[in-house]
Amino acid sequence: MLASRAFSLVGKRALSTSICLRAHGHAGVVKADDFSLPAYVDRRDVPLPEVAFVRDLSAQQKALKEKEKASWTALSADEKVELYRIKFNETYAEMKKGTNEWKTVLGGVLFFLGLTGLLLIWQKHFMYGPVPHTFSDEWLSAQTKRMLDMRINPVEGISSQWDFEKNEWKK
Amino acid sequence: MANHSQLGFQDASSPIMEELVEFHDHALMVALTICSLVLYLLTLMLMEKLSSNTVDAQEVELIWTILPAIVLILLALPSLQILYMMDEIDEPDLTLKAIGHQWYWSYEYTDFKDLSFDSYMIPTTDLPLGHFRLLEVDHRVVIPMESPIRMIITADDVLHSWAVPTLGVKTDAIPGRLNQTSFTTTRPGIFYGQCSEICGANHSFMPIVVESTPLTYFENWSSLISS
């Protein structure tokens, strides 16, 4: 009881979403103005929606529905497809088909990353002053030597990577 | 001190810090496992490989309640063990006071002599070649190595915090209050730290430098500096 109510709620939500997202070209589609009425939904985990997709059948479609009451082997392939399209909006293949939205998202992300990069380059060039003199190569090498002499981080850090016997970095 | 792009901890120079590093490795592994699981489920959901037809799942609900409880216990037990370990004060050989001011530290060694001095950062313009910018001080805190040291931390004006990462020490310096911490250095060396509570304009420019030396050198130093 609760499950079927939950499903119909889900179905209505999915229908309103699918109306927004997917274009549908069939005439006679149930307009989901009244959410208390049973609605059609294309969902992989709801295989049999509460109503058929096409509600108002044309004369030709009505004739086909009459033919359906007889033996199904008499139906041609096209007729079977037409019957399917009366009952359902999309095939499973159409439902599972992805969109190209990921390309838009990825493009947007990369664009803004690039924009930020340009901003950073501009900042470094026009805004910031020079770095302190302790970043010169001479100072850095004296500093590194002092760190090694002090045995800073000797277990897994910098002093563990220096070979004190051979006076060179460990290979 | 840390390298320029160091992300992880500095190597431990005290037993408590060794314990903290191990616990951090353990906690990080737990976090990695959980994050991998969540990432996996997220990927499955985004590829639409998970259906939502389930309404009743008592067994899996039991598992995903019990399992996180076990994970939390696995985190809490070592954490509490280290917490209590930190509070053990085992007969310190030396007690010294660190007092935070705006913007320098002052230290008092009053166990045997009446020794006190201020410790100011060395400005970058006066820095000798190869010394560490914003980390060096004029008077270091010299202590004997491999001896339990008790620190009493307080402040003179505003909040400061006395921190030395490699020793696993960070204690707030609060005016009108004496906070106690202790550590034992496992090796000789010079250990750097920085004030860790915002205290005004020069908060980034009042570092802490602890020099751990064998006892004879410490005694040498203390007799020299008090004269």
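In what follows, chains are A, B, ... by sequence order, proteins preceding strands, each numbered from 1.
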- Note on the structure: Ordered numerically, the heavy-atom neighbours of chain B under 4.5 Å found in residues 149-171 of chain A are A:Met150, A:Ile152, A:Asn153, A:Pro154, A:Val155, A:Glu156, A:Gly157, A:Ile158
- Message: Tell me if the CD atom of A:Gln123 is crowded by more than 12 foreign heavy atoms within 6.0 Å.
- Response: yes
- Gap separating the CE atom of B:Met1 from the CD atom of A:Gln143, nearest 0.5 angstrom: 5.5 Å
- In this structure, are over 12 heavy atoms from other groups packed under 6.0 Å from B:Lys97 atom NZ? yes
- Item | B:Phe218, CZ: over 12 other non-hydrogen atoms inside 6.0 angstrom | yes
- Enclosure of A:Lys67 NZ (heavy-atom neighbours >12, cutoff 6.0 Å): yes
- Item | Contacts of residues 124-145 of chain B with chain A (heavy atom under 4.5 Å) | B:Thr124, B:Leu127, B:Pro128, B:Leu129, B:Gly130, B:His131, B:Phe132, B:Arg133, B:Glu136, B:Arg140
- Task: Name the member of A:Glu138, A:Lys145, A:Lys96, A:Arg44 that forms the most heavy-atom pairs with chain B at distances under 4.5 Å.
- Result: A:Arg44
- Item | Toward chain A: residues of residues 182-216 of chain B with heavy atoms under 4.5 Å | B:Arg187, B:Ile190, B:Tyr192
- Task: Spell out the residues in residues 7-36 of chain B that have some non-hydrogen atom less than 4.5 Å away from a non-hydrogen atom of chain A, in order of number; otherwise answer 'none'.
- Result: B:Gln10, B:Asp11
